[in-house]
Amino acid sequence: MAYDIFISYRRKGAGAGVAGELQAKLENLGYKVFLDVDEIGSGQFPDQIEKAIASCRDFIFVLSPGALDRCSDEEDWVRREILQAQSQGKNIIGVGLPGFVMPEQNALPAPLDFVSTIQVFTWTHEYRTASFAKIEENLVSSLLRKKKNRQKKLVLLSAAVAAIAAIVVLLILGKPAAEIEGPTPPLGDGVDVEYQMFDKHVQKAMDLTKNLPDVAVFRENFVQLVSDKEPFLKLMEGIAECDSAIMLKYQYGDKVEDSYGIETQRIKLLDLRQNYLNVIMDDVKVLLDEDVAEFAMQDMEIAGILALSTEKHMIDSIDKVIKQKAK
């Protein structure tokens with residue numbers, strides 16, 4: 001069974017109680033949590049623990065007073081859990097209980113000196129609600145869960161946007177602009193209805209795309225930015241608005257004065273789209289090389305949004321390969 005979160009703790013002291021409370025709260029929110037509550041005899045490091053850590057994304061370490069004292073023993077299970085989580089690149093979060101003091105880095109056994117630098121959230125009975133909120137906020141699993149919930153809403157939104165865009169194109173192609181727009185009052189002397197429509201498309205394109213990160217920022221903050229579909233939907237909608245404006249420009253000629261350089265703006269947005277797609281496909285290649293198909297599938301969802309009609313077949317083919325690997 002795959003888990004989202006692994007909770008490590010010392011059975012003696014307050015650690016067990018807090019670990020159980022964290023498990024209950026997280027499972028109530030829909031996370032799959034591994035918590036070893038059964039006494040396991042001495043001997044070989046349990047296979048189920050190794051597999052649980054390997055499958056999880058987040059590793060929560062409940063730091064009760066003295067929790068690190070026995071970690072100098074190479075056979076200590078808590079030590080082995082921490083080292084496995086660290087070696088496999090898990091997101092490690094510390095939960096500090098009252099009385100726990102993080103040792104200095106040079107006071108920890110050499111393989112565990114990194115523990116002094118992990119993020120630790122203080123847990124007290126009085127403020128545990130606020131503490132839990134901060135813990136969940138910093139989970140990798142939380143980003144993915146929010147993404148899945150958002151996806152359900154965006155499916156309907158995407159369908160609605162596509163339907164509206166199709167209707168607008170049909171109206172533009174089939175009717176004069178004045179008939180589409182209706183009796184909108186002129187913006188000023190010499191400005192007609194056609195220009196009003198052109199201006200609205202341009203302004204909407206600019207509003208949709210004004211806060212999009214450039215490719216350097218996107219690459220640097222890739223994990224956070226790719227967890228949200230909204231910027232990519234805005235980019236593609238902005239390009240569609242540019243297309244509508246350009247269509248009006250060529251349809252009405254001199255009636256539309258282009259002071260925005262809309263065709264140049266469209267090229268810039270298309271270049272940004274291509275750069276985003278390149279970064280995503282580079283990450284997909286890395287994930288496939290590391291055999292992490294699940295995260296590659298998430299990347300491909302964004303690639304599918306950014307793909308032009310001529311690229312859809314290629315994207316779909318890659319997506320099928322990834323889904324086969326994920327099985």
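These numbers were taken from a predicted model, which means no experiment stands behind them.
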So, does [X] use its side chain to make a donor-acceptor pair with the main chain of [Y] at under 3.5 Å?
X	Y	result
K134	F121	no
S131	T122	yes
K90	A54	yes

Stepwise salt bridge (Lys or Arg N to Asp or Glu O under 4.0 Å) test for D243 and R266: CA-CA 8 Å; D243 289 342; R266 179 181 182 273; 2.4 Å; yes
Summary of side-chain hydrogen bond (donor to acceptor under 3.5 Å, both in side chains) pairs that have at least one residue in residues 98-119, sequence neighbours excluded: none
Salt-bridge contact D36-R11 (side-chain N to carboxylate O under 4.0 Å): yes
E237 bridged to K204 by N-O distance under 4.0 Å: yes
Check against side-chain contact (heavy atoms from CB on, under 4.5 Å), R79 and D73: CA-CA 8 Å; R79 169 189 167 119; D73 179 1; 6.0 Å; no
If I take atom [atom1] from residue [X] and atom [atom2] from residue [Y], how far apart are they, to the nearest 0.5 angstrom?
X	Y	atom1	atom2	answer
M206	E241	CE	CD	13.0 Å
Y31	I5	OH	CD1	6.0 Å
K210	K234	NZ	NZ	9.0 Å
E50	E81	CD	CD	10.5 Å
K32	C56	NZ	SG	13.5 Å
D316	H313	CG	NE2	8.0 Å

Within the 4.5 Å heavy-atom criterion, are [X] and [Y] side-chain neighbours or not?
X	Y	answer
E263	C242	no
M236	L308	yes
I322	V284	yes
L26	I60	yes
L68	F100	yes
F34	I49	yes

If you group Ile, Leu, Val, Met, Phe, Trp and Tyr by side-chain heavy-atom gaps below 4.5 Å, do [X] and [Y] land in one group?
X	Y	answer
V226	V217	no
V215	L208	no
I305	M314	yes
L29	L35	yes

Pairing residues for K51 by the side-chain hydrogen bond (donor to acceptor under 3.5 Å, both in side chains) criterion, not counting sequence neighbours: D47
Ring pair (Phe, Tyr, Trp, His ring centres under 6.0 Å) partners of F114, counting only residues at least two apart: none
Derivation and outcome, side-chain contact (heavy atoms from CB on, under 4.5 Å), residues I267 and T264: CA-CA 5 Å; I267 291 171; T264 300; 5.6 Å; no
Work out which heavy atom in [X] is nearest to a heavy atom in [Y]; give both atom names and the distance.
X	Y	value
G15	S64	N-CB, 4.0 Å
P65	G99	CG-C, 3.7 Å
M102	L63	CE-CD1, 4.2 Å
C71	R10	SG-NH2, 3.7 Å
V62	L22	CG2-CD1, 4.0 Å
D4	G30	OD2-O, 4.4 Å

R70 vs D76, salt bridge (Lys or Arg N to Asp or Glu O under 4.0 Å): CA-CA, chis, key distance, verdict: CA-CA 7 Å; R70 289 160 47 194; D76 179 63; 3.7 Å; yes
Worked check of side-chain contact (heavy atoms from CB on, under 4.5 Å) between R57 and N91: CA-CA 6 Å; R57 301 182 183 93; N91 178 41; over 6 Å; no
Report all side-chain donor-acceptor pairs from residues 269-283 shorter than 3.5 Å, counting only partners two or more places apart or in another chain.
from	atom 1	to	atom 2	distance (Å)
R273	NH1	L306	O	2.7
R273	NH1	E311	OE1	2.8
R273	NH2	E311	OE2	3.2
Q274	NE2	N278	OD1	3.0
N275	ND2	D271	O	3.2
Y276	OH	P213	O	2.4
N278	ND2	Q274	O	3.3

Qualifying salt bridge (charged side-chain N to carboxylate O under 4.0 Å, His left out) pairs with a residue from residues 12-27, counting only residues at least two apart or across chains: E21-R128
Evaluation steps, side-chain contact (heavy atoms from CB on, under 4.5 Å), between E136 and D58: CA-CA 10 Å; E136 196 211 355; D58 297 285; over 6 Å; no
Listed once per pair and sorted, the ring-ring contact (aromatic ring centres under 6.0 Å, His included) pairs that draw on residues 51-71, sequence neighbours left out: F6-F59
